[in-house]
Participant: 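The structure's right below; bear with me while I get my questions together.
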Amino acid sequence: MQEQIITKNQCKICDEKSCAVSALKEDELELMSRNSSQVHFQEEEMIFKQNSPASHIIFIKQGLVKEHMSGPNKKDQILKIVKGPAFLRVASKLKYNINSYSATTLTESKICFIDIGVFKDLLFKNSSFSYEVLISVCEDGLYCFDKFVNQTQKHIHGRLADALLFFSSEIYNDSHFTLPITITELADLIGSSRESVSRCLQTFKKEEIIGFNGQKICMNILDKTKLQIISKAG
DNA sequence: GCATTAACCACAG
DNA sequence: CTGTGGTTAATGC
């Protein structure tokens, strides 16, 4: 039984502010502080669950989170891996009151729960804030389009290369990193089967494009250029 | 037709 | 959970 520590928020002095929150004025920050709270999550804890009522806007202060959804055949699909600082569920929450997907932490994380009423108030009151939120929602949308097209048109090699490059450049900024997910999850992320991913990783290894070992896979991208070529070629 | 790609299954570690 | 081998269905040349 692990205890979650809820801390009263001090948005004003928070150093993990999103661009949007930076646009808030002093009194608005104060308002957000009073109506949000920060929760410490361990790794592999669910933040919210698909089909359950959504209560708050989520802000990932720090940590890695996967957004995932199970389809009609009950297979889990990873929609996106998000690194804090980032807002979650804005699109879903403003429109519906039910979570259309789930979110689970991949690492220990600091998560803020922001009251939806207050969030909406701020959207109306402060246009710079709204604009920044809009930007992040747009980016999200574009990312989806991008992923949709890549997913549809590329072969496994390309999709896997995409994912590896994503972790390397978007998440870790390093060619050497430990994969935060299992092979099975990696398959769920790129819309493939674990067997295919496993085989494909072996191929990359044989061609000395990547190196890896261990249960929690330590990845080392040896030939980034080649990986980019594979990614492009699909 | 034949080759390739990749999913599904089964089984082992 | 992961790796492997066999099977199979779809698609391409």
Side-chain angles (χ1 to χ4, degrees), chain A residues 1-2 4 41-51 60 63-84 99-109 111 143-172 174-234:
Chain A
M1 198 56 185
Q2 45 201 334
Q4 288 182 350
F41 276 73
Q42 299 300 321
E43 116 181 29
E44 282 299 320
E45 282 192 289
M46 190 169 274
I47 304 170
F48 55 85
K49 191 173 160 67
Q50 186 173 348
N51 296 327
I60 308 166
L64 265 191
V65 171
K66 67 168 175 181
E67 296 180 305
H68 51 119
M69 186 178 213
S70 69
N73 55 0
K74 84 189 163 99
K75 219 178 102 82
D76 203 43
Q77 179 121 21
I78 298 181
L79 306 166
K80 190 179 183 182
I81 291 188
V82 187
K83 183 170 81 164
N99 291 313
S100 41
Y101 57 89
S102 309
T104 305
T105 57
L106 294 175
T107 64
E108 214 180 322
S109 307
I111 312 283
Y143 174 84
C144 286
F145 290 162
D146 207 49
K147 203 183 169 203
F148 177 62
V149 171
N150 283 335
Q151 197 92 249
T152 312
Q153 297 187 1
K154 286 182 185 175
H155 289 168
I156 287 207
H157 294 96
R159 305 210 298 271
L160 184 59
D162 280 352
L164 295 177
L165 288 169
F166 168 79
F167 281 117
S168 170
S169 53
E170 308 284 320
I171 304 289
Y172 295 106
D174 196 344
S175 62
H176 192 269
F177 57 87
T178 300
L179 213 57
I181 54 177
T182 63
I183 301 288
T184 307
E185 286 175 308
L186 189 54
D188 293 340
L189 176 65
I190 66 174
S192 178
S193 67
R194 62 172 186 85
E195 294 98 321
S196 300
V197 171
S198 165
R199 278 187 253 263
C200 194
L201 282 173
Q202 300 298 339
T203 312
F204 284 177
K205 193 179 194 177
K206 207 176 289 170
E207 290 171 12
E208 297 187 321
I209 297 167
I210 57 168
F212 61 87
N213 53 44
Q215 196 73 81
K216 275 272 173 186
I217 294 172
C218 288
M219 189 66 61
N220 194 4
I221 294 181
L222 302 170
D223 194 339
K224 189 173 175 183
T225 319
K226 207 163 178 183
L227 209 51
Q228 281 164 338
I229 291 168
I230 294 172
S231 161
K232 265 211 176 129

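The analysis underlying the following values was restricted to heavy atoms, covering all of them including side chains, and did not include hydrogens, waters or symmetry mates. Chain A is the first sequence line, chain B the second, and so forth, proteins listed ahead of strands; every chain is numbered from 1.
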Participant: Taking A:Leu189's backbone N and O only, do any of them form a donor-acceptor pair with A:Lys66's side chain (distance below 3.5 Å, no angle check)?
Facilitator: no
Participant: For the side chain of A:Arg194 and the backbone of A:Ala187, is there at least one donor-acceptor N/O pair under 3.5 Å apart?
Facilitator: no
Participant: For the side chain of A:His155, starting at C-beta, report the closest nucleotide among B:dT5, C:dC1, B:dC11.
Facilitator: B:dT5
Participant: Of the options C:dG3, B:dA6, C:dC1, whose atoms approach the side-chain atoms of A:Thr184 most closely?
Facilitator: C:dC1
Participant: Indicate the ring-plane relationship of A:Tyr172 and A:Phe177, choosing parallel, tilted or perpendicular according to the 30° and 60° boundaries.
Facilitator: parallel
Participant: With a cut-off of less than 4.0 Å, is there a side-chain N or O of A:Ser192 near OP1 or OP2 of B:dA6?
Facilitator: no
Participant: What is the distance from CZ of A:Arg194 to P of C:dG5, rounded to the nearest Å?
Facilitator: 14 Å
Participant: Can you check whether A:Ser193 has a side-chain N or O nearer than 4.0 Å to OP1 or OP2 of B:dC8?
Facilitator: no
Participant: Does A:Glu195 contact B:dC8 through a side-chain donor or acceptor facing the base, at a distance under 3.5 Å?
Facilitator: no
Participant: Counting only distance, no hydrogens or angles, is the base of C:dG3 paired donor-acceptor with the side chain of A:Arg199 under 3.5 Å?
Facilitator: no
Participant: Around atom NZ of A:Lys206, are there more than 12 heavy atoms of other residues, nucleotides or ligands at under 6.0 Å?
Facilitator: no
Participant: Considering only C:dC1, B:dA6, C:dT4, which nucleotide approaches the side chain of A:Ser196 most closely?
Facilitator: B:dA6
